Protein chains: 2
Amino acid sequence: MTPPPRDILLQGDCIEIMRTLPDACVDLVFADPPYNLQLQNELIRPDSTRVAAVDDAWDKFDDLASYDAFTRAWMGECRRLLKDDGTIWVIGSYHNIFRVGAIMMDLGFWFLNDVIWHKTNPMPNFRGTRFTNATETLIWAQKSQAQKRYTFHYHDMKALNDGKQMQNVWRIALCTGAERIKGADGKKAHSTQKPEALLHRVISASSDRGDVVLDPFFGTGTTGAVAKKLGRHWIGIERDPEYARIAQKRIDAIPQIDQPDHTDTPAES
Amino acid sequence: MTPPPRDILLQGDCIEIMRTLPDACVDLVFADPPYNLQLQNELIRPDSTRVAAVDDAWDKFDDLASYDAFTRAWMGECRRLLKDDGTIWVIGSYHNIFRVGAIMMDLGFWFLNDVIWHKTNPMPNFRGTRFTNATETLIWAQKSQAQKRYTFHYHDMKALNDGKQMQNVWRIALCTGAERIKGADGKKAHSTQKPEALLHRVISASSDRGDVVLDPFFGTGTTGAVAKKLGRHWIGIERDPEYARIAQKRIDAIPQIDQPDHTDTPAES
DNA sequence: TATAAAGGTGAATCCGCAC
DNA sequence: AGTGCGGATTCACCTTTAT
């Protein structure tokens, strides 16, 4: 059998590409799928400026049933590609995470935590009609209830949290400023680029050096960039050629680090 | 038609009882359904004392399908009983909230917020195998996407939050100490009693004085107790006679307050 | 050059009523 | 049902421009 690819960006439809990869070839999955936001009208701030909406074609679905079918397809492939001691992270908002979570349970995943990304600088609710939506939700799951072993660097996380056990609420800022990748027009290159700090915590908590991390919705490559910085191998899949080009350039600019190493003992469930 | 009941505890199966109530008779629903926790083994503290787990008979379901069917049944009745300008709150943990949320969307509910109850004093993960599970999730939803109007006391919430817009993350302590109702044996009377502070925020944010609040899983009556203190009418449904007895006694001990009043202008969607 | 003021922006399911 | 208008509505950053 041919060895699985590593440290590579595959450009194309993630479901089709995952079907070409062998069973049980990755240690960790991080997935940031479309949220299916269904925004109705444009939103104006109190100062009369317009909020840049997420109106990308990749976030459009005909209905909930087609979103569900899409979710089952890519999630099922992720489960097949995961090693039997691997885990998966999926991030979403209240628009999609409940459907995604229910489908994960249906496919046999067994949840370890729901983790709340509490944004330190969220956009307010300008009209005063709801509570400020300051969070996104991550689901961390193993492949099955029966799974005996998975990687969790408990002590590293505890040390990161001033010596106290780390909770499932993470206060991390939005990706802005120099970290946010801009296009030639000076606008953000991707609507939903995630902060590296978020991926840093995910990858360092739940994988070892030398592990393979798969991201089926690679976007501008945050997962690959952080994986490379942390000495993990990575596989990125991205449908949009422009996003893929940006991601490849971004990751190529990061220097390769030394050989694999294990820094903490894995937890068992 | 007979007027709907008010300020009353109905003892029995919530689905059967809700079916006897007329359409559109309540302004607000708060529901804390069984969590379907699937604890495989008893949880043991490091000092070998046993943690009282949620293993009551009412929390067992054969499988995910029966939990879904149960959820659709009670949730559908709640939707029928809600007025067309009403909203519903449902609380759950990562064990059940994803299924509950997906079913709510399927039934036509339109989400306003997911609210994170961030416990200030959560139980640690004794074995160091996961992140501390410090949260529960509430879904706040209106009946349909087309719904034009609902109650939200934006300014009251803002005032409660030092003059800044309140976020969807609420730091509230677990229900302990004197507030936690004990049985004759000195043990907690109910395994999942919610803090009154949580219900206070829910009810004061999304209802007016004189409104009717329905809780189909009344337990020891926290919703009714807070509703009475805030000058709201309430309808509680509880299957367990002992819980119902405790709840009735608890609410009877609260003095009736003055006549209805509106303290803030309702938001419109 | 240092400090202050002004401007920009973030996965957003963000108005109600009269005509 | 669509349109138009009155009125109420924002937080934490970072970047750019002005003093």
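Every chain is numbered from 1, with letters handed out A, B, ... down the list of sequences. These numbers were taken from a predicted model, which means no experiment stands behind them.
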Report the distance from atom CD of A:Glu136 to atom P of C:dG10, rounded to the nearest whole Å. 14 Å
Quick check for you: among D:dT9, C:dT9, C:dA11, whose closest atom lies nearest to any side-chain atom of A:Arg127? D:dT9
For A:Thr192, report the nucleic acid contact type (base, sugar-phosphate, nothing); a contact means any heavy atom under 4.0 Å. base
Nucleotide D:dT9, atom P - distance to CZ of A:Arg130 in whole Å: 17 Å
Under 4.0 Å, heavy atoms only, any strand: does A:Pro195 hit a base, just the sugar-phosphate, or nothing? nothing
In this structure, how many angstroms lie between the C1' atom of D:dT9 and the NZ atom of B:Lys164, rounded? 18 Å
Select from A:Gln40 and A:Lys194 the residue whose nearest nucleotide in DNA chain C is closer to the 5' end of that strand. A:Lys194
Over how many whole Å does the gap from A:Lys188 atom NZ to C:dA11 atom P extend? 6 Å
According to a strict under-4.0 Å criterion, is B:His155 in side-chain N/O contact with OP1 or OP2 of D:dT9? yes
Please check this pair: side chain of B:Asn168 against backbone of B:Asn113, looking for a donor-acceptor N/O pair closer than 3.5 Å. no
If you compare every side-chain N and O of B:Tyr154 against the phosphate oxygens of D:dT10 (OP1, OP2), does one of them come in below 4.0 Å? yes
Any side-chain N or O of B:Lys158 under 4.0 Å from OP1/OP2 of D:dT10? yes
Expected list for residues 116-126 of chain A near DNA chain C, using heavy atoms below 4.0 Å, is A:Asn121, A:Pro122, A:Met123, A:Pro124, A:Asn125, A:Phe126
How many whole angstroms separate atom NZ of B:Lys148 from atom C1' of C:dC14? 14 Å
If only side-chain N and O atoms of A:Arg180 are considered, is one of them under 4.0 Å from the OP1 or OP2 phosphate oxygen of C:dA11? yes
Counting N and O atoms only, with roles assigned by atom type, does the side chain of B:Asp215 sit under 3.5 Å from a partner on the main chain of B:Phe217, one being a donor and the other an acceptor? yes
Determine the interplanar angle of the A:Phe61 and A:Phe70 rings, folded into 0 to 90°, and report it as parallel if under 30°, tilted if 30 to 60°, perpendicular if over 60°. tilted
Using the P atoms only, state how far C:dA12 lies from D:dC5, rounded to an integer number of Å. 30 Å
Without hydrogens or angle criteria, can the side chains of A:Asp68 and A:Thr71 be said to hold a donor-acceptor pair below 3.5 Å? no
A:Gly177 or A:Asp47: which one's nearest nucleotide on DNA chain D is closer to the 5' end? A:Asp47
Could you give the distance separating C:dC14 and C:dG10 at their C1' atoms, to the nearest angstrom? 15 Å
Rounding to an integer number of angstrom, what distance separates C:dC19 and D:dG7 when you compare their P atoms? 14 Å
Distance, rounded to the nearest Å, where B:Asp162 contributes CG and D:dA12 contributes P: 11 Å
Spacing of the P atoms in D:dA8 and C:dA11 (rounded, Å): 31 Å
Regarding B:Asp114, tell me which of base, sugar-phosphate or nothing describes its non-hydrogen contacts under 4.0 Å with the strands shown. nothing
With sequence neighbours excluded, tell me which residues meet side chain to side chain contact (heavy atoms under 4.5 Å, CB included) with A:Gln11. A:Pro241, A:Ala244
B:Gln167 CD - D:dT10 C1' separation (whole Å): 12 Å
Any luck finding a side-chain donor-acceptor pair between A:Trp234 and A:Thr223 under 3.5 Å? no
Is the B:Tyr94 ring parallel, tilted or perpendicular to the A:Phe111 ring (thresholds 30°, 60°)? tilted
Using Watson-Crick pairs (N1 to N3, plus N6-O4 or O6-N4) and G-U wobble pairs, both distances under 3.5 Å, which stems of at least 3 pairs involve DNA chain D? C:2-10 with D:11-19, C:15-19 with D:2-6
Measure from CD on B:Gln142 to C1' on C:dC14 and round the result to the nearest Å. 11 Å
Has B:Arg201 got its NZ or CZ under 6.0 Å from the middle of the six-membered ring of B:Trp170, at an angle within 45 degrees of the ring axis? yes
Reckon A:Arg45 has a side-chain N or O less than 4.0 Å from the OP1 or OP2 of D:dT10? no
Among the nucleotides C:dT9, C:dA11, C:dA12, whichever has the atom closest to the side chain of A:Leu43 is C:dA12
Describe the nucleic acid contact of A:Glu42 in one word from base, sugar-phosphate, nothing, applying a heavy-atom distance below 4.0 Å. base
Is it the case that B:Glu136 and B:Tyr35 place a side-chain donor and acceptor less than 3.5 Å from each other? yes
Which part of the nucleic acid, if any, lies within reach of A:Ala173 when heavy atoms closer than 4.0 Å are counted: base, sugar-phosphate only, or nothing? nothing
NA contact type, B:Gln165, heavy-atom cut-off 4.0 Å: base, sugar-phosphate, or nothing? sugar-phosphate
Assess, by modelled atom type and distance only, whether the side chains of A:Gln40 and B:Gln145 contain a donor and an acceptor separated by less than 3.5 Å. yes
A:Asp59 side chain vs A:Asn36 backbone, donor-acceptor pair below 3.5 Å: yes
